[in-house]
Structure formats: structure tokens, C-alpha cells
K.L.:
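One structure coming up, written as C-alpha cells, with questions to follow.
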Number of protein chains: 2
Amino acid sequence: MTTRSSTDANRVIPEATVARLPVYLRALTALADSGIRTCSSEDLAIAAGVNSAKLRKDLSHLGSYGTRGVGYDVDYLRYQIAREIGVTQDWPVVIVGIGNLGHALANYSGFRSRGFRVVALLDADPQLIGQTVAGVAVRAFDELEAIVQEHDVAIGVIATPAVAAQSVADRMVAIGITSILNFAPAVVAVPDGVDVRKVDLSIELQILAYHEQRKANGADAAAAAAAAVTVDGGAA
Amino acid sequence: MTTRSSTDANRVIPEATVARLPVYLRALTALADSGIRTCSSEDLAIAAGVNSAKLRKDLSHLGSYGTRGVGYDVDYLRYQIAREIGVTQDWPVVIVGIGNLGHALANYSGFRSRGFRVVALLDADPQLIGQTVAGVAVRAFDELEAIVQEHDVAIGVIATPAVAAQSVADRMVAIGITSILNFAPAVVAVPDGVDVRKVDLSIELQILAYHEQRKANGADAAAAAAAAVTVDGGAA
DNA sequence: CCAATTTTGTTCTCACGTTCACAAACTCCT
DNA sequence: AGGAGTTTGTGAACGTGAGAACAAAATTGG
């Protein structure tokens with residue numbers, strides 16, 4: 001029916017797989033930097049910290065890029081994954097909120113080397129405007145629309161305080177941004193068709209704390225079971 | 001068999017639920033700050049950005065803390081969740097790697113208010129040692145063991161460059177740290193019994209890029225299907 | 001006190017993701 | 001050429017999670 005190129009753009013890649021593709025990409029880059037030209041699924045799985053069956057199944061969703069009995073060509077597979085993710089060209093990105101975290105993000109060299117280019121830093125604070133961070137001038141939040149249109153920006157990063165997050169997101173969506181990476185500790189609601197990913201530092205720590213507490217309570221409980229003592233407060 | 005307190009410490013809470021509990025906790029805090037004393041699962045679900053059936057099922061894993069026909073007492077539920085996560089007391093945390101990101105983390109006020117206390121900042125760079133960041137002196141990485149033992153630290157944060165991440169993690173594990181939050185763009189391997197959570201900025205952006213590319217290709221493909229043009233490069 | 005209303009906690013079903021296990025396909029060696 | 005040895009790609013079994021739907025339990029009003 002529809003004319004297609006060699007790879008079928010209709011296939012759906014499971015979300016869980018999509019989340020691991022960047023890990024594989026990084027592992028392949030590391031292998032290539034070590035001068036390795038070919039690797040087995042087992043080698044790559046170890047480098048990526050997953051099990052090899054999962055890796056093979058993940059890759060099978062992209063197509064058949066390996067050779068049975070041989071393995072994968074590192075550069076070829078790396079290119080295929082990069083193309084699948086869409087990082088063979090650079091994506092322009094704007095960062096809103098140039099506080100501590102915004103500074104760190106602006107200075108993060110990993111963006112540039114992994115397919116992203118920070119085209120603007122924005123803040124609402126007049127005192128920050130005009131300052132240069134990581135070689136980029138901080139501009140007024142009001143300039144968002146002009147910048148997005150000029151550079152055809154699709155991805156926005158929110159690094160503001162929590163109270164500002166929703167209004168910044170609303171503004172981004174109104175202007176046509178369709179992917180948002182939110183570092184503010186707040187839930188932002190967006191319409192269908194807009195993707196939001198959230199990175200929340202204290203949530204990550206709280207998840208660790210939960211498991212840490214369970215480890216401690218588990219040890220307590222084991223001791224308690226032996227000593228027949230009531231388990232309650234844990235590490236008091 | 002074993003003596004237990006009122007809540008059954010044996011129950012397992014699904015990992016997906018654990019990951020949402022901090023979100024509920026934050027939403028409850030926001031509601032409490034607005035002076036709201038009681039809320040329904042629907043109210044809380046909206047505040048937390050989830051669906052109410054999922055919220056109720058999540059809470060049911062903790063126990064039965066609501067009242068049918070009424071809803072949940074905000075303060076009571078908040079306390080129960082905080083207790084379940086283990087953030088009714090502060091957890092001491094060490095941050096290793098005081099670069100851009102380490103600075104931002106050290107200055108992040110959300111840690112303190114959500115159950116964590118930064119007890120030390122460590123770096124291998126002699127030039128940084130002795131400087132004060134967010135009121136805490138940067139100390140030599142070698143002091144890790146003494147600090148961990150003094151403060152009974154269980155949680156470590158890695159904010160170093162990728163190359164250093166594994167050796168820092170190894171050292172942390174050897175000293176007795178059992179939970180690691182890794183911001184370095186590298187896979188770190190740890191033995192069983194140690195939890196690692198990874199926060200990777202460029203991976204998050206790459207996941208967004210994938211979906212962004214699909215949106216663009218979907219639009220292209222729709223146009224192409226009408227025009228009978230081959231779909232391949234996408235946004236070239 | 002009883003019926004109507006509200007809202008929780010739980011059951012059931014379906015979808016998604018992970019892991020195992022193996023046939024297919026390739027190379028290498030004799 | 002043919003068999004032995006590797007390694008991929010995938011089918012099938014299993015486990016976890018999401019969402020709909022509803023019974024149980026509380027309040028409210030007459």
C-alpha cells in the first residue's frame with residue numbers, strides 16, 4: 001500500500017526497549033573506543049548491564065543487524081541504533097531556569113556529544129539575563145517563542161522551581177514544543193501528543209531509602225524472629 | 001510465628017508502587033499546604049498525575065488508611081507513606097564528585113526537606129578540597145571510610161565523570177554503602193544486596209528524541225502515503 | 001432506623017515485559 | 001563438501017502491572 005524504505009517504519013518498539021537503546025548506544029561507543037570491531041550479544045549485554053536474551057530481543061525489534069555465528073559489527077549496529085533513536089543529527093534544545101541545576105545542565109558536555117545542542121538558556125530573573133553560561137547568553141523567558149521558531153526547537157528542558165514548572169510547560173506547549181524534560185519537583189500536565197519525562201532527584205533517593213529501610217528491617221526481623229522481639233521502629 | 005507490629009512488615013510492595021509513593025507524598029504535602037484536611041482518591045490522583053484506580057491499588061498495598069464514603073485524612077496518610085518509605089527520619093548521604101552537577105546537588109534544598117542530609121562532599125581533585133559548597137567543606141575522597149563510619153551512611157551519590165564511576169562505586173561498596181544513586185553516564189556493576197539507581201540526563205533526552213522523531217515521521221508517513229513518496233530519512 | 005449516596009478496597013481480565021530454550025544460520029576446520 | 005561449533009533471532013511460558021468494575025463500608029437525610 002504505502003511505499004516504504006527497507007526498514008519498516010510501522011513496527012512498534014516497546015517502550016521498555018526504547019529506554020534501553022541509549023544504554024546500548026553508549027556501550028557500543030565504549031567498545032568502539034576500545035578498538036573492538038565486532039561483539040557478541042553476550043559481550044554487549046555485559047557492557048550494558050543487561051542479560052543477553054533481553055538484549056537480543058530488544059535488537060530484534062529494530063531489525064536483523066547481527067550475523068549468526070559471528071555477532072554484531074560494532075560501528076554498524078551503533079549507527080543503526082543512533083538512526084533509530086534519531087540522534088544522527090543534533091536536536092536543538094532550550095533550557096528554562098538557570099539556577100544551580102540549569103547551570104549544571106548548560107555545562108554538561110554529554111548533551112553535545114550525544115545528539116543535542118543547547119540553543120538557548122532562558123530565565124525570568126532580570127539579574128541573570130545577559131550573563132553568559134557555558135558560552136551561551138541567558139535571555140528573557142519572553143523570548144522563548146522567537147527562539148523556538150528560529151531554531152525549530154521541539155524539546156524543552158524545565159529546570160525552574162516547582163511553582164513555575166506548570167506555567168513554563170503551558171507556555172512551551174502553546175508555542176509548539178512537543179517534548180519536555182522536567183527537572184522541577186512537580187507534576188506537570190500536558191495535552192495528548194506532548195511527551196513529558198521527569199527526573200526527580202529526591203524521588204530517586206526516596207526509592208533507595210525504601211529499600212534501605214527494608215534491608216535494615218529485614219535484618220532486624222531476622223534477629224527478632226530468633227529473639228522473639230517485636231519489630232516496629234527499625235533503625236531508631 | 002514471628003512477633004509482628006500492627007502493620008505486617010512481610011508484605012511486598014510492588015516496585016512500580018514504590019516508585020510512585022514519593023509522588024503521592026509530595027502531592028499530599030502540597031494539599032496539606034493548601035489547608036486541605038481530607039481528600040478522595042480522585043483528588044489525590046489528579047494532584048499526583050495518575051488514575052484513581054491505580055492510586056487506590058497502590059495505597060491498598062500499604063494498608064487500609066482511608067474511610068469509605070469519606071476519603072483519606074491528608075496528614076495521616078502522609079505520615080503513613082513517609083513511614084513506609086522510611087523518610088520520617090533523615091538519611092545521611094555522601095556526594096562524591098563536586099563538579100557542576102555535584103555543586104547543584106549539594107545546593108539542592110529538596111534533599112533536606114525530604115528526608116536526606118548531606119553529611120559530606122568528596123572529590124579527588126586537590127584543588128577543590130577545602131572549598132566550601134552549600135556550607136559543607138569538600139574533603140578528600142580518601143576520607144570516605146571515616147565519614148561513612150562516623151555518620152553510619154548507607155546511601156552514596158556518584159556525580160563524577162564516567163571513567164571514575166565504577167571505581168568510586170567499588171570503594172563505596174567495600175566500605176559498606178548499600179544504596180547508590182549514580183549520575184555518571186556509565187553502567188556500574190555492584191554485588192547482590194546493593195541497590196543502584198541511575199539518573200542519566202542524555203538518556204532521558206534521547207528517549208524524548210525517539211518519540212519526537214516518530215511524531216515527525218508519522219506526519220511524514222501520512223503525507224507520503226497520500227503522495228506515494230518513499231519514506232526514509234525523515235527530517236533531513 | 002432505613003434508604004440513598006459516596007468512596008474505598010479488591011477481584012478479574014488483559015496487556016506488557018522478561019526469561020528460557022531452541023531452531024536457523026553462519027564460520028571454521030578437516 | 002560436510003560436520004562441529006557459535007551465535008543470532010524468536011516462539012512459548014511465566015510474572016508483573018494497569019484498568020475496569022463492583023462489593024463492602026462509611027456518611028447523610030428523612
Side-chain angles (χ1 to χ4, degrees), chain A residues 6-8 11-24 27-28 31 36-78 80-81 84 192 207 210-211, chain B residues 6-8 11-24 27-28 31 36-78 80-81 84 192 207 210-211:
Chain A
S6 57
T7 55
D8 183 357
R11 68 196 172 331
V12 293
I13 297 186
E15 198 49 42
T17 297
V18 171
R20 283 187 293 265
L21 290 180
V23 179
Y24 303 155
L28 283 166
L31 291 177
I36 296 171
R37 316 280 299 184
T38 297
C39 69
S40 68
S41 62
E42 187 64 33
D43 298 336
L44 183 52
I46 290 170
V50 301
N51 120 356
S52 65
K54 195 191 297 194
L55 170 71
R56 286 199 302 278
K57 176 147 285 191
D58 283 341
L59 294 184
S60 76
H61 292 295
L62 311 192
S64 196
Y65 296 134
T67 307
R68 298 178 190 216
V70 178
Y72 301 93
D73 181 280
V74 171
D75 280 335
Y76 179 61
L77 182 58
R78 185 162 58 132
Q80 292 299 338
I81 293 178
E84 189 69 41
D192 283 355
I207 295 169
Y210 169 81
H211 291 292
Chain B
S6 56
T7 54
D8 184 356
R11 69 200 172 328
V12 293
I13 297 186
E15 198 51 40
T17 297
V18 171
R20 284 186 292 266
L21 290 180
V23 179
Y24 303 154
L28 284 165
L31 290 176
I36 295 170
R37 317 280 300 180
T38 297
C39 68
S40 68
S41 62
E42 188 64 32
D43 298 335
L44 183 53
I46 290 169
V50 300
N51 121 356
S52 65
K54 195 191 305 196
L55 171 70
R56 287 199 301 278
K57 185 180 279 190
D58 283 341
L59 295 184
S60 76
H61 289 114
L62 313 192
S64 196
Y65 296 133
T67 306
R68 298 178 192 216
V70 178
Y72 301 92
D73 181 281
V74 171
D75 279 335
Y76 179 63
L77 182 58
R78 184 162 59 131
Q80 293 299 339
I81 293 178
E84 189 68 41
D192 283 355
I207 295 169
Y210 169 81
H211 292 292

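Just so it is clear, the values below take in all heavy atoms, side chains as well, and ignore hydrogens, waters and symmetry mates. Numbers restart at 1 for each chain; the letters A, B, ... are given by sequence-line order, proteins then strands. Keep in mind it's a predicted model, so treat the numbers as computed, not measured.
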K.L.:
Indicate for each nucleotide in nucleotides 7-15 of chain D, in 5' to 3' sequence, whether protein heavy atoms under 4.0 Å reach the base (B), only the sugar-phosphate (S), or nothing (-).
P.N.:
BBBBBB---
K.L.:
Who passes side-chain hydrogen bond (donor to acceptor under 3.5 Å, both in side chains) against A:D75, sequence neighbours left out?
P.N.:
A:R78
K.L.:
Who pairs with B:E42 by side-chain contact (heavy atoms from CB on, under 4.5 Å), at least two apart in sequence or on another chain?
P.N.:
B:S40, B:I46, B:S52
K.L.:
Just the endpoints, please: which first and last nucleotides of DNA chain C, 5' to 3', lie under 4.0 Å from a heavy atom of chain B?
P.N.:
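Taking any atom under 4.0 Å from a heavy atom of chain B, the span is C:dT6 to C:dC12.
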K.L.:
Given the side-chain rings of A:Y65 and A:Y76, with only the six-membered ring counted for Trp, is the space between their centroids under 6.0 Å?
P.N.:
yes
K.L.:
Can you find a pair of side-chain heavy atoms, one from B:V74 and one from B:R37, that are under 4.5 Å apart?
P.N.:
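They are not in contact (no side-chain heavy atoms under 4.5 Å apart), so the answer is no.
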K.L.:
Please name the pair of heavy atoms, one in A:I81 and one in A:L21, separated by the smallest distance, quoted to 0.1 Å.
P.N.:
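Minimum heavy-atom contact is CG2-O, 3.8 Å.
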K.L.:
Quick one about B:H211 and A:E15 (side-chain donor to acceptor, distance below 3.5 Å, no hydrogens or angles considered), yes or no?
P.N.:
yes
K.L.:
Quick one: salt bridge (Lys or Arg N to Asp or Glu O under 4.0 Å) pairs with a partner in residues 47-66 of chain A, sequence neighbours left out?
P.N.:
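Matches after skipping sequence neighbours: A:R20-A:D58.
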K.L.:
Output the distance between atom OH (A:Y72) and atom CG (A:L28), rounded to the nearest 0.5 Å.
P.N.:
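Reported to 0.5 Å precision, the distance equals 10.5 Å.
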K.L.:
Return the value, rounded to whole Å, for the distance between atom CD of A:E15 and atom C1' of D:dA18.
P.N.:
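Whole-Å distance recorded here is 15 Å.
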